[in-house]
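See below for the structure under consideration.
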Amino acid sequence: MTLTLYNTLTRRKETFTPLQAGKVQMYYCGVTVYDYCHLGHARACIVWDVVRRYLQWRGYQVKYIQNFTDIDDKILNRARDEGSSMQAVAERYIQAYFEDMDRLNIQRADAYPRATHTLDGIKRLVYELEQKGYAYPADGDVYYAVRQFNTYGKLSGRKLEDLQAGKSDRVNIEDPEYQKKKDPFDFALWKGAKAGEPAWESPWGAGRPGWHIECSAMVRDNLGETIDIHAGGADLIFPHHENEIAQSEAVTGKPLANYWMHNGMVTVDGEKMSKSLGNFITIRELLDRPTDPMAVRLFVLTAQYRKPIDFTDEAIAAATNGWHTLREGLLFGYQYGNQLGFEERGSHLIPEVVQRFQEEVDDDFNFPGGLTVLFELAKELRREGNILMHQGKTETPPEQLEQQWHTLVALAQVLGFEAEAETIVETNVTDGISDTEIENLIQMRLAAKKAKNFVEADRIRNELQAQGITLIDQPGGVTRWHRN
RNA sequence: GGCGGCAUAGCCAAGUGGUAAGGCAGAGGUCUGCAAAACCUUUAUCCCCCAGUUCGAAUCUGGGUGCCGCCUCCA
């Protein structure tokens with residue numbers, strides 16, 4: 001079976017073939033650390049986390065690098081507003097980033113390069129670009145001359161002559177800054193420092209790097225001149241990734257990345273979630289509602305990663321319910337493993353099910369398809385768990401259940417879903433009514449039932465239900481119970 | 001104006017030539033004094049619209065319509 005993926009560069013699904021057999025070099029354009037991450041960032045991080053996990057599960061040794069942009073106007077503005085430094089602001093939100101992502105069960109990257117730690121590589125690139133005639137200094141700044149790079153636009157599929165400067169209404173091309181450029185689409189490689197701004201020494205004077213150049217430098221420093229997968233949000237295709245290509249390939253003459261992958265946006269009422277629109281919810285806000293982090297993961301993975309996904313309370317509620325189903329399946333072995341004589345081997349997977357999962361996900365990381373397989377297993381296990389809970393035994397062979405459970409746990413792990421056995425213990429620890437009191441009430445209720453006093457019997461059932469105790473009447477006058 | 005993408009049930013969503021997965025939500029029934037669980041049945045004669053190709057299309061082609069993203073903050 002072969003893994004295929006959609007390559008933005010060619011606008012086609014392609015068979016994935018890494019440069020070096022068995023190894024994958026992967027770079028994900030991370031976040032600018034000037035504020036807390038929102039759900040849009042969570043989606044990107046979850047998607048690339050799972051892509052990486054899946055590649056590893058498929059046997060690849062993955063080197064995964066993710067950057068932090070810690071030099072940026074917005075960080076600077078924030079520092080100015082609160083009277084602190086760019087470094088302090090960046091540091092704070094990097095910490096917050098890790099807190100949020102740990103809660104979402106995002107695996108750590110192999111390295112998190114930062115712009116502030118990459119100055120040497122950046123300056124070297126700018127120098128080389130200048131030597132090769134792709135960059136020109138202008139009044140303390142250095143710009144990239146897009147007209148010099150004749151395949152400019154190949155990633156985003158545009159031609160310079162089709163672009164309209166200022167069309168997005170985000171920049172004012174009357175600004176003196178823009179007047180320095182030879183072409184409106186030239187972009188800054190190096191920005192001369194203004195008074196009071198943090199600055200680094202360079203051959204072009206004191207200043208700081210432009211946004212795009214850091215990624216070119218980081219990829220080169222950490223992974224090499226050509227990598228396998230370069231990933232990021234779809235909103236980065238143009239100009240960010242286009243500019244990275246222009247910078248890197250002008251210098252090396254080699255492809256920056258063989259596969260370009262982009263995740264779709266999170267929308268709210270059909271519109272992109274973003275800081276500027278103000279229609280965002282931060283990861284911590286969402287989790288503190290509270291929302292189960294695994295429900296957030298499920299919400300993200302129910303959509304194909306390239307499509308937009310709309311954030312609504314209903315969608316989160318549905319994902320939460322769905323997660324409860326998966327969780328019941330995942331906890332099955334912890335709850336009933338002893339009773340059924342499960343062994344701690346964990347390697348008895350069902351080959352046909354594993355294969356079906358792989359066939360689904362091999363098709364351009366079709367996680368919704370993979371989830372179908374997980375749900376089938378989880379629902380089956382939940383059913384068996386209910387039967388065990390209500391009848392105390394099941395006809396299904398324990399070996400079969402053990403295999404199903406191990407398969408579910410293993411495949412869920414590939415998508416980053418985990419349910420800890422401790423959560424069962426927690427629900428069993430209660431400072432409410434004691435077992436003895438429950439037993440006594442059940443005896444009273446049985447007596448009431450015998451006397452056909454169903455009003456009293458129902459009163460006791462309701463009283464216990466209110467305290468989280470569910471009674472199960474079985475044939476033969478036996479009543480089982482469990483805490484919810 | 002240009003480039004790219006999307007349109008499948010109440011909601012989410014898979015399916016890319018062979019007669020509509022799955023999830024969420026809902027309905028009816030069997031069983032039960034009532035519950036719970038389990039089991040059975042059920043919710044798109046149809047995939048935005050029109051035309052075409054084909055024995056056959058949600059799936060391919062052409063033309064529409066609507067929505068979204070990008071055109072130097074952006075995941």
Side-chain angles (χ1 to χ4, degrees), chain A residues 8 11 28-32 34 37-48 69 72-74 146 153 156-171 173 178 181 184-188 210-212 231-240 242-243 262-267 270-277 298-299 302-304 306-310 312 314-315 317-322 325-326 360 363 366 368-369 371-376 378-379 383 385-391 449 452-455 457-458 461-462 465 470-475 480-482:
Chain A
T8 306
R11 283 170 214 92
Y28 160 45
C29 270
V31 296
T32 302
Y34 72 103
C37 289
H38 59 61
L39 185 58
H41 301 111
R43 181 186 194 184
C45 292
I46 289 170
V47 163
W48 305 121
T69 298
D72 170 84
D73 284 346
K74 277 180 293 201
V146 292
S156 54
R158 17 190 121 195
K159 301 182 180 76
L160 277 168
E161 47 271 28
D162 291 338
L163 295 172
Q164 284 184 20
K167 186 68 181 177
S168 72
D169 289 330
R170 284 179 186 142
V171 293
I173 52 175
Y178 288 87
K181 299 177 182 180
F185 291 101
D186 289 352
F187 55 91
W211 174 38
H212 314 295
D235 52 356
L236 297 185
I237 297 171
F238 190 90
H240 185 56
E242 198 70 70
N243 291 351
H262 295 94
N263 63 275
M265 300 293 99
V266 174
T267 60
E271 283 198 323
K272 180 182 167 186
M273 178 178 286
S274 70
K275 295 278 182 186
S276 42
L277 283 173
L298 184 61
F299 166 72
T302 49
Q304 213 283 340
R306 288 187 280 117
K307 286 191 179 183
I309 182 171
D310 203 49
T312 58
E314 292 72 27
T320 301
N321 285 335
T325 299
L326 281 182
E360 291 287 351
D363 180 14
N366 182 357
L371 279 170
T372 300
V373 176
L374 298 198
F375 271 103
E376 281 173 24
K379 287 206 137 188
R383 184 177 149 278
N386 283 330
I387 289 173
L388 283 160
M389 169 85 77
H390 288 265
Q391 289 165 25
K449 276 177 65 173
K452 303 274 189 214
N453 185 354
F454 295 119
V455 175
D458 288 349
R461 175 193 288 287
N462 292 335
Q465 188 63 60
T470 299
L471 300 186
I472 304 152
D473 289 335
Q474 294 191 286
R480 297 171 62 88
W481 64 273
H482 65 85

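Lettering follows sequence order; numbering is per chain, from 1. Just so you know, these numbers use all the heavy atoms, side chains as well, and skip hydrogens, waters and symmetry mates.
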* To do: Just call it for A:Cys29: base, sugar-phosphate, or nothing, with non-hydrogen atoms closer than 4.0 Å on any strand.
  => sugar-phosphate
* Asked: Nearest 0.5 Å, what's the CG-NE2 distance between A:Leu471 and A:His482?
  -> 9.0 Å
* Tell me what A:Thr32 touches on the nucleic acid: a base, only sugar-phosphate, or nothing, going by heavy atoms under 4.0 Å. => sugar-phosphate
* Asked: Is the phosphate of B:A38, meaning OP1 or OP2, less than 4.0 Å from a side-chain N or O of A:Asn386?
  -> yes
* Asked: Using a cut-off of 4.0 Å on non-hydrogen atoms, how would the nucleic acid contact of A:Gln465 be classed: base, sugar-phosphate, or nothing?
  -> nothing
* To do: Map A:His240 and A:Thr312 onto RNA chain B by nearest heavy atom, then report which one ends up closer to the 5' terminus.
  => A:Thr312
* **Worked check of side-chain contact (heavy atoms from CB on, under 4.5 Å) between A:Lys272 and A:Asp235** => CA-CA 10 Å; A:Lys272 180 182 167 186; A:Asp235 52 356; 3.2 Å; yes
* Nearest-angstrom distance, C1' atom, B:G5 to B:C11 -> 22 Å
* Nearest-0.5 Å distance that lies between atom CG in A:Leu374 and atom NZ in A:Lys379 -> 13.5 Å
* To do: Could you give the distance separating B:A21 and B:U42 at their P atoms, to the nearest angstrom?
  => 13 Å
* Expressed as a whole number of Å, how far does the C1' atom of B:G18 sit from that of B:G56? -> 7 Å
* Asked: Side chain of A:Gln164, base of B:G1: donor and acceptor closer than 3.5 Å?
  -> yes
* To do: Kindly point out which of B:G33, B:A37, B:A38 is positioned nearest to the side chain of A:His390?
  => B:A37
* On RNA chain B, nearest-nucleotide positions of A:Asp310 versus A:Leu371: which is more 5'? -> A:Asp310
* In whole angstrom, give me the gap between the P atoms of B:G64 and B:G23. => 40 Å
* Below 4.5 Å, heavy atoms only, C-beta onward: do A:Thr267 and A:Met273 meet side chain to side chain? -> no
* Structure fact -> Note: A:Gly264 and A:Arg43 closest approach over all heavy atoms is O-NH1, 2.9 Å
* **Atom C1', compared across B:A20 and B:A13: separation rounded to whole Å** => 13 Å
* To do: May I ask you to verify whether the side chain of A:Arg461 and the base of B:A35 hold a donor-acceptor pair under 3.5 Å?
  => yes
* Asked: So what does A:Gly264 touch, heavy atoms closer than 4.0 Å: a base, only the sugar-phosphate, or nothing?
  -> base
* To do: Under 4.0 Å between any heavy atoms, over every strand shown, what does A:Ile472 touch: base, sugar-phosphate, or nothing? Just pick one.
  => base
* Please work out if A:Lys449 contacts a base, only the sugar-phosphate, or nothing of the nucleic acid, heavy-atom cut-off 4.0 Å. => base
* **Separation between the C1' atoms of B:U61 and B:G17, rounded to whole Å** => 13 Å
* Can A:Arg306 and A:Asn263 be said to form a side-chain contact (heavy atoms from CB on, under 4.5 Å), step by step? -> CA-CA 5 Å; A:Arg306 288 187 280 117; A:Asn263 63 275; over 6 Å; no
* Asked: Which part of the nucleic acid, if any, lies within reach of A:Asp363 when heavy atoms closer than 4.0 Å are counted: base, sugar-phosphate only, or nothing?
  -> sugar-phosphate
* Side-chain N or O of A:Asn366 closer than 4.0 Å to phosphate OP1/OP2 of B:A13 -> no
* Looking across every strand, which nucleic acid part, if any, lies under 4.0 Å from A:His262 by heavy atom: base, sugar-phosphate, or nothing? -> nothing
* To do: Name the nucleic acid region contacted by A:Phe185, choosing base, sugar-phosphate or nothing; use a 4.0 angstrom heavy-atom cut-off, strictly under.
  => base
* Hey, does the side chain of A:Gln474 reach the backbone of A:His390 with a donor-acceptor pair shorter than 3.5 angstrom? -> yes
* Asked: What interatomic distance, in whole Å, is found between P of B:A58 and the corresponding atom of B:C46?
  -> 11 Å
* Structure fact -> For B:C48, the nucleotide meeting Watson-Crick or G-U wobble distances (both under 3.5 Å) is B:G64
* Would you indicate whether the side-chain heavy atoms of A:Arg461 and A:Asp473 approach each other to under 4.5 Å? => yes
* Asked: Can you tell which of B:C3, B:C74, B:C24 lies closest to the side chain of A:Trp211?
  -> B:C74
* Which whole number of Å gives the distance between the P atom of B:A27 and that of B:U32? -> 23 Å
* Would one find a side-chain N or O of A:Lys379 under 4.0 angstrom from OP1 or OP2 of B:C24? -> yes
* Asked: With a 3.5 Å cut-off and just heavy-atom distances, do the side chain of A:Asn321 and the base of B:G23 make a donor-acceptor pair?
  -> no
* Identify whether any heavy atom of A:Asp473 sits under 4.0 Å from a base atom; if not, whether one sits that close to sugar-phosphate; answer base, sugar-phosphate or nothing. => base
* To do: May I have the distance from A:Glu360 (atom CD) to B:G23 (atom C1'), rounded to whole angstrom?
  => 14 Å
* To do: Look through every strand shown and name the nucleotide pairing with B:C39 as Watson-Crick or G-U wobble, where both distances are under 3.5 Å.
  => B:G29
* Quick one: the side chain of A:Asp72 and the base of B:C73, do they pair up donor-acceptor inside 3.5 Å? -> no
* Look at A:Ser274 and B:A75 and indicate whether a side-chain polar atom (N or O) is within less than 4.0 Å of OP1 or OP2. => no
* Asked: Contact class for A:Met389 (heavy atom, under 4.0 Å): base, sugar-phosphate, or nothing?
  -> nothing
* **Watson-Crick or G-U wobble partner of B:A20, both distances under 3.5 Å** => none
* Asked: Among B:A37, B:A75, B:C71, which nucleotide sits nearest the side chain of A:Arg158?
  -> B:C71
* **Between B:C73 (P) and A:Lys74 (NZ): distance, integer Å** => 8 Å
* Within the structure shown, what part of the strands sits under 4.0 Å from A:Ile309 by heavy-atom distance: base, sugar-phosphate, or nothing? -> nothing
* To do: I would like to know whether A:Val146 and A:Phe187 meet side-chain contact (heavy atoms from CB on, under 4.5 Å); could you show each step before the answer?
  => CA-CA 8 Å; A:Val146 292; A:Phe187 55 91; 3.9 Å; yes
* In the strands shown, is B:A58 matched to any nucleotide by a Watson-Crick or G-U wobble pair with both distances under 3.5 Å, and which? -> none
* After noting the C-alpha distance and the side-chain angles of A:Asn243 and A:Trp211, does the key distance pass the side-chain contact (heavy atoms from CB on, under 4.5 Å) rule? -> CA-CA 10 Å; A:Asn243 291 351; A:Trp211 174 38; over 6 Å; no
* Can you give one letter per nucleotide of nucleotides 4-9 of chain B, going 5' to 3': B for a protein heavy atom under 4.0 Å from the base, S for sugar-phosphate only, - for none? -> S-SS--
* Just name whichever nucleotide pairs with B:C3, Watson-Crick or G-U, keeping both distances under 3.5 Å, else none. => B:G69
* Classify the angle between the aromatic ring planes of A:Tyr28 and A:Trp48 as parallel (below 30°), tilted (30 to 60°) or perpendicular (above 60°). => tilted
* Asked: Where the side chain of A:Ala457 is concerned, which of B:A75, B:G22, B:G33 is the nearest nucleotide?
  -> B:G33
* Asked: Hey, does the side chain of A:His41 come within less than 4.0 Å of B:A75's phosphate (OP1/OP2), counting only N and O?
  -> yes
* Asked: To the nearest Å, how far apart are A:Asn453 CG and B:G33 C1'?
  -> 12 Å
* For A:Val266, answer base if it contacts any base atom (sugar-phosphate contacts may also be present), sugar-phosphate if it contacts only those atoms, and nothing otherwise; contact means non-hydrogen atoms under 4.0 Å. => base
* Asked: Among the nucleotides B:G23, B:A35, B:A13, which one has an atom lying closest to any side-chain atom of A:Phe375?
  -> B:G23
* State the pairing partner of B:A9; accept Watson-Crick or G-U wobble contacts with both distances under 3.5 Å, and report none otherwise. => none
* For the student: nearest non-hydrogen atoms of A:His212 and A:Pro239, plus distance -> CE1-CG, 4.1 Å
* Asked: Does A:Lys272 get its side chain close enough to the base of B:C74, under 3.5 Å, for a donor-acceptor pair?
  -> yes
